[in-house]
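Single-structure report; data block below.
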Amino acid sequence: MNASRLQWASSSPAVVGLETSSSCSKLGFVNFRGGGCGDSLKKTKKGLFVIKAMDVEGSRTVNLNGHAGDSDKNGSLLSSIGNSTNIQWHQCSVKKEDRENMLKQKGCVIWITGLSGSGKSTVACALSGILYRRGKLAYVLDGDNVRHGLNRDLGFKAEDRAENIRRIGEVAKLFADAGVICIASLISPYRRDRDACRALLPAGEFIEVFMDIPLHVCEARDPKGLYKLARAGKIKGFTGIDDPYESPLNCEIALRLKGGECASPCEMAEEVISYLEEKGFLQA
């Protein structure tokens, strides 16, 4: 569910929710200023205003922190997210900005994508090292590393890959909210999955870095011997061989060969550092 804009100008403190209809698919603009509400705005016993929005898919409410849910008989907002029901988002007094001020940096997600053997993990570690030496807190979520624990129940079928990326995207979002510069390094071959992770974060906080290294270079490196196995038919659905890699269309940074030669991992990492400096992520 997507709320484009909410404007609240009531003089009395209240909680705001959106009651949606199952017959429509998009929420437009909601703008009210209290007073005469008519049939579209109802107030509960505990000051909960519920606005009927007939052009939204589903039947639930959304409070101002963006989490969907239903108001119970006592007027509190409970959420239904996926298979999780009767849950509520709890706000803490310490905000993201407080953590960023303490760390003297801004939280974000640097999403490094590319073929196997393109240098994603190497650049991610080089970037992490540079940030560490500059006194900045960063953490690398490497695709293989995460599959050792959190995602060890997932294989490499399309649906498993999508879930792998979704989970890493959610974890990366938490790191960014903590004020950490999170570096996610994984093939993530499909645009829709990367775009879904981008949508989890506020505009500008998802930085897509495309390791634009040609297949023949990656295959010549073959650090894990996986291309050789894929060419021999021993690995099915291998990205770049018999499964597609969808290159980013609008990435923030593209790291490419220069004059047919590949820059060093540190040189590539410095390009990302320059972007972070330019956009103000290395200061509170």
Minimum side-chain heavy-atom gap Y227-I235 below 4.5 Å: no
From E208 CD over to D195 CG, what is the distance, rounded to the nearest 0.5 angstrom? 7.0 Å
Linked, directly or transitively: V209 and L200 (ILVMFWY side chains, under 4.5 Å): no
Could you tell me whether E163 and R166 have a side-chain N and a carboxylate O separated by less than 4.0 Å? yes
Would you say F156 and T239 make side-chain contact, with heavy atoms under 4.5 Å? no
Ion pair R231/D222, N-O distance below 4.0 Å: no
Find out if a path of hydrophobic residues (ILVMFWY) with successive side-chain heavy-atom gaps under 4.5 Å connects F210 to I183. no
Measuring only between side-chain heavy atoms, which start at C-beta, is N151 closer than 4.5 Å to I168? yes
Quick one: pull up CE in M268 and CE in M211 and give me the separation to the nearest 0.5 Å. 4.5 Å
Measuring only between side-chain heavy atoms, which start at C-beta, is L141 closer than 4.5 Å to N145? no
If Ile, Leu, Val, Met, Phe, Trp and Tyr residues are connected whenever their side-chain heavy atoms lie under 4.5 Å apart, and connections chain through other members, are L103 and L127 in the same group? no
If we check side-chain hydrogen bond (donor to acceptor under 3.5 Å, both in side chains) with D177, which of these qualifies: K96, R99, K95? R99
Is there side-chain contact between Y139 and C182, with at least one heavy-atom pair below 4.5 Å? no
Do I87 and L174 sit in the same hydrophobic cluster, where Ile, Leu, Val, Met, Phe, Trp and Tyr count as joined when their side-chain heavy atoms come under 4.5 Å apart? no
For the residue pair N164 and L186, establish whether any side-chain heavy-atom pair is separated by less than 4.5 Å. yes
To the nearest 0.5 Å, what is the distance between CZ (R256) and CD1 (I253)? 11.5 Å
Please check if any side-chain donor atom of S121 sits under 3.5 Å from a side-chain acceptor atom of D142, or the reverse. yes
Hey, what do you get for CG (L154) to CD (E159), rounding to the nearest 0.5 Å? 10.0 Å
Y245 side chain reached by T113 side chain, heavy atoms, under 4.5 Å: yes
Tell me, do D243 and R161 make a side-chain contact under 4.5 Å, heavy atoms counted? yes
